[in-house]
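Notes follow once the structure below has been shown.
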2 protein chains.
Amino acid sequence: MKVLRVPEATIGRLSVYSRYLEQLDKNGVTTISSGEIAKGVGVSPAQVRKDLAYFGEFGTRGVGYNVKDLIRYLHRILGLTHPWPVVVVGAGNLGTALCAYRGFRDRGFHIVGVFDNDLLKIGKRIQDLEVLPVEKIPEVVKEHGVRIGIIAVPQQAVQEVANILVKSGVEALLTFGSVAVRVPPHVIVRNIDLTIKLEILTFYLNFRETHPATWLEPNI
Amino acid sequence: MKVLRVPEATIGRLSVYSRYLEQLDKNGVTTISSGEIAKGVGVSPAQVRKDLAYFGEFGTRGVGYNVKDLIRYLHRILGLTHPWPVVVVGAGNLGTALCAYRGFRDRGFHIVGVFDNDLLKIGKRIQDLEVLPVEKIPEVVKEHGVRIGIIAVPQQAVQEVANILVKSGVEALLTFGSVAVRVPPHVIVRNIDLTIKLEILTFYLNFRETHPATWLEPNI
DNA sequence: TAGATTGTTAATCGATTAACAATC
DNA sequence: TAGATTGTTAATCGATTAACAATC
């Protein structure tokens with residue numbers, strides 16, 4: 001069986017290329033080379049071509065890539081040909097921030113439900129959504145065909161919320177903090193741990209102070 | 001010149017080991033082997049030993065590691081022997097969420113200042129802090145010796161805020177969104193782009209649907 | 001044809017894992 | 001000594017980069 005063997009970093013870069021190309025497209029650029037993309041986003045031209053090569057041949061030798069076509073291909077690869085309904089569980093500050101974040105909608109991620117179990121928050125309006133009780137999750141997930149859930153609740157509630165989402169049919173979760181969520185194998189989970197990010201910063205700050213002679217610039 | 005050549009992933013894992021060991025320490029565990037740490041956090045025993053080996057010899061052959069000692073070593077490596085004052089710029093939902101996040105304080109990151117340029121937000125209280133105008137950044141940074149800044153402002157204001165922070169003496173920045181911040185070479189920047197995280201999820205969801213035969217479980 | 005740029009292979013670089021001597 | 005586990009080297013695996021034939 002042939003198997004998908006693409007570095008996850010490649011997917012992240014495809015997303016970056018895609019945004020950069022959309023920008024160029026808006027400015028009327030019609031054709032671009034791997035070298036120009038590379039320069040625009042800060043990677044090597046070989047990297048750009050390799051990343052694309054995992055998925056097909058999208059360019060013309062001697063000419064480069066048609067910007068509009070390449071955007072279309074990238075969107076197809078990334079699954080961005082249609083909008084994705086998303087639910088956010090947790091209507092605290094983080095949940096509210098996520099609902100208000102324009103970047104999601106700009107890329108086709110539509111938040112179609114916000115949930116909480118705090119009676120003080122239920123009924124509140126966030127953007128154009130009403131905060132619903134957690135019990136309504138299955139209903140909303142089914143109604144909109146939601147496959148992605150964002151969990152923005154206190155650490156001790158994360159697993160419980162994950163269980164509810166998975167049971168409702170959600171197939172991918174974005175979580176925060178340091179909780180290792182247990183999910184069935186078909187569910188894809190990615191976690192963002194802000195504290196680890198800060199600890200990486202402190203490591204570098206501390207290390208270059210204590211070992212200036214062995215310091216190596218770590219940026220990107 | 002000998003040079004620091006540690007994968008950044010190693011630093012992240014050291015942070016994870018450290019938290020796991022602290023948990024064990026609380027439960028009275030005094031000694032632990034690389035295999036037990038590995039099992040506890042979900043990596044290979046060789047990985048644990050290799051990660052530690054970059055920084056020294058902390059165990060006893062045939063015995064394992066002393067939990068309390070190892071925690072101390074890890075804290076020293078990560079630079080967590082003292083608390084780190086941090087400033088947050090932007091008192092919107094995200095900034096407020098970050099100020100309220102207990103995880104930071106638990107690991108020694110003390111938010112000593114929140115700033116905004118919105119007159120409606122200045123003077124507001126977040127936790128035990130008053131939102132200050134952006135003009136106060138240099139003063140607070142100097143007063144507390146702040147070296148780390150978190151930027152939680154709208155995309156178009158990120159570079160400007162970064163300039164102010166760097167000018168005030170901040171040496172490390174955590175940013176959100178997709179803006180490439182330009183900073184002098186001594187400043188360390190790490191960015192969190194939530195949209196890319198969602199696009200990685202959509203890629204996997206989309207791909208396993210369109211190419212079920214080549215699907216490979218991507219989790220961790 | 002000459003110049004440019006892709007797609008792809010081979011070389012390099014880097015990180016993880018396996019294996020084992022050292023040693024408690 | 002026998003058993004266990006580290007620290008480290010060598011082998012493996014995977015990702016990036018260099019180089020170049022293909023081709024517009």
Side-chain angles (χ1 to χ4, degrees), chain A residues 2-17 21 24 29-67 69-70 73-74 77 200 203 214 216-220, chain B residues 2-17 21 24 29-67 69-70 73-74 77 200 203 214 216-220:
Chain A
K2 212 190 118 206
V3 130
L4 174 66
R5 269 264 137 269
V6 182
E8 186 154 313
T10 287
I11 314 302
R13 285 190 299 262
L14 292 182
S15 164
V16 173
Y17 304 157
L21 292 167
L24 293 179
V29 179
T30 57
T31 305
I32 194 166
S33 68
S34 59
E36 289 166 304
I37 298 174
K39 201 147 165 252
V41 308
V43 302
S44 75
Q47 182 82 77
V48 172
R49 296 200 298 277
K50 184 71 171 164
D51 286 338
L52 295 172
Y54 286 111
F55 299 98
E57 306 190 0
F58 307 116
T60 308
R61 288 167 196 233
V63 177
Y65 303 89
N66 177 288
V67 172
D69 287 348
L70 189 51
Y73 287 125
L74 287 171
I77 294 165
I200 287 172
F203 167 79
T214 60
L216 182 74
E217 189 54 47
N219 266 338
I220 290 181
Chain B
K2 212 190 119 205
V3 131
L4 174 66
R5 268 266 137 267
V6 182
E8 186 154 312
T10 287
I11 314 301
R13 285 190 299 263
L14 292 182
S15 164
V16 172
Y17 304 157
L21 292 167
L24 292 180
V29 179
T30 57
T31 305
I32 194 168
S33 69
S34 60
E36 290 166 303
I37 298 174
K39 202 148 164 251
V41 307
V43 303
S44 74
Q47 181 78 270
V48 172
R49 295 200 298 276
K50 184 70 171 165
D51 286 338
L52 296 173
Y54 286 111
F55 300 98
E57 307 189 1
F58 308 116
T60 309
R61 290 168 195 231
V63 177
Y65 303 88
N66 178 288
V67 173
D69 287 347
L70 189 50
Y73 287 125
L74 287 171
I77 294 166
I200 287 172
F203 167 79
T214 59
L216 182 72
E217 188 53 47
N219 265 339
I220 290 180

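Order of the sequence lines fixes the chain letters, A, B, ..., with proteins taken first and strands second; residue numbering starts at 1 for each chain. Note: hydrogens, waters and symmetry copies are ignored here, and every other heavy atom, side chains too, is used.
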Side chain proximity check, [X] to [Y], heavy atoms < 4.5 angstrom:
{"X": "F55(B)", "Y": "V6(B)", "value": "yes"}
{"X": "I32(B)", "Y": "Y17(B)", "value": "no"}
{"X": "R49(A)", "Y": "Y65(A)", "value": "yes"}
{"X": "E8(A)", "Y": "I200(B)", "value": "yes"}
{"X": "S15(B)", "Y": "F203(A)", "value": "no"}

Rounded to whole Å, please give me the gap between [atom1] in [X] and [atom2] in [N].
{"X": "E36(B)", "N": "dA4(D)", "atom1": "CD", "atom2": "P", "result": "13 Å"}
{"X": "L70(A)", "N": "dT5(C)", "atom1": "CG", "atom2": "P", "result": "15 Å"}
{"X": "F58(B)", "N": "dT8(D)", "atom1": "CZ", "atom2": "P", "result": "11 Å"}
{"X": "I32(A)", "N": "dA4(C)", "atom1": "CD1", "atom2": "P", "result": "17 Å"}

Dot-bracket summary - DNA chain D, pairs being Watson-Crick or G-U whose distances fall under 3.5 Å, with | when paired to another strand: ..||||||||||||||||||||||
Shortest non-hydrogen contact from V48(B) toward V43(B): CG2-CG2, 3.7 Å
Atom pair [atom1]/[atom2] of [X] and [Y] - distance to nearest 0.5 Å:
{"X": "S33(B)", "Y": "K39(B)", "atom1": "OG", "atom2": "NZ", "value": "10.0 Å"}
{"X": "L14(A)", "Y": "L21(A)", "atom1": "CG", "atom2": "CG", "value": "10.5 Å"}
{"X": "L52(B)", "Y": "I37(B)", "atom1": "CG", "atom2": "CD1", "value": "6.5 Å"}
{"X": "D69(B)", "Y": "T31(B)", "atom1": "CG", "atom2": "OG1", "value": "9.5 Å"}
{"X": "D51(B)", "Y": "S34(B)", "atom1": "CG", "atom2": "OG", "value": "11.0 Å"}

Side-chain N,O (S34(A)) to OP1/OP2 (dT5(C)) below 4.0 Å: no
Presence of Y65(B) side-chain N/O under 4.0 Å of dG7(D) phosphate oxygens OP1/OP2: yes
Name the pairs: protein N/O against N/O of nucleotides 15-18 of chain D, kept only if under 3.5 Å.
| unit_1 | atom_1 | unit_2 | atom_2 | d |
| --- | --- | --- | --- | --- |
| dT16(D) | OP1 | R13(A) | NH1 | 3.2 |
| dT16(D) | OP2 | R13(A) | NH2 | 3.2 |
| dT16(D) | O5' | Q47(A) | OE1 | 3.4 |
| dT17(D) | OP2 | S44(A) | OG | 3.2 |
| dT17(D) | OP2 | Q47(A) | OE1 | 3.4 |

Please write out the pairs of protein N or O atoms and N or O atoms of nucleotides 21-24 of chain D separated by less than 3.5 Å, giving the distance to one decimal.
| unit_1 | atom_1 | unit_2 | atom_2 | d |
| --- | --- | --- | --- | --- |
| dA22(D) | O4' | R61(A) | NH1 | 3.4 |
| dA22(D) | N3 | R61(A) | NH1 | 3.1 |
| dC24(D) | O4' | R61(A) | O | 3.1 |

